[in-house]
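Values reported hereafter were calculated over all heavy atoms of this structure, with side chains retained and with hydrogens, waters and symmetry mates removed.
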Amino acid sequence: MFKGFMVAVVALISTAQIDQYLTHGRYTDAAMAMLRQIRHAFGF
C-alpha cells in the first residue's frame with residue numbers, strides 16, 4: 001500500500017513539474033483552484 005501511495009505522489013509531482021515547464025503552471029493552477037472550490041463547497 002505504501003509503495004502504491006509513493007508511486008502516486010511521484011507521478012503527481014512529476015506531472016506538476018512538467019506542467020510548470022511546458023505551460024508555466026496553467027493546468028496546475030486550475031486544478032488547485034478547483035480543489036479549493038470543492039473544499040469550500042464541503043465547508044472545510
Side-chain angles (χ1 to χ4, degrees):
M1 183 172 145
F2 184 72
K3 183 179 177 183
F5 177 73
M6 291 306 296
V7 168
V9 168
V10 169
L12 288 173
I13 291 172
S14 299
T15 302
Q17 291 298 318
I18 290 169
D19 179 49
Q20 290 290 328
Y21 179 72
L22 294 176
T23 63
H24 303 290
R26 178 176 36 200
Y27 297 107
T28 303
D29 293 342
M32 294 304 289
M34 184 177 63
L35 288 174
R36 278 192 298 274
Q37 289 297 321
I38 292 170
R39 187 180 67 195
H40 179 70
F42 284 105
F44 292 117

Atom pair CG/OH of Leu22 and Tyr27 - distance to nearest 0.5 Å: 10.0 Å
Using every non-hydrogen atom in the two residues, find where Asp19 and Arg26 come nearest and quote the distance to one decimal. OD2-N, 3.8 Å
State plainly whether one hydrophobic cluster holds both Phe42 and Met34, where clusters connect Ile, Leu, Val, Met, Phe, Trp and Tyr through side-chain heavy atoms under 4.5 angstrom apart. yes
Cluster question for you: counting only ILVMFWY and a side-chain heavy-atom cut-off of under 4.5 Å, with indirect links fine, are Ile13 and Phe2 together? yes
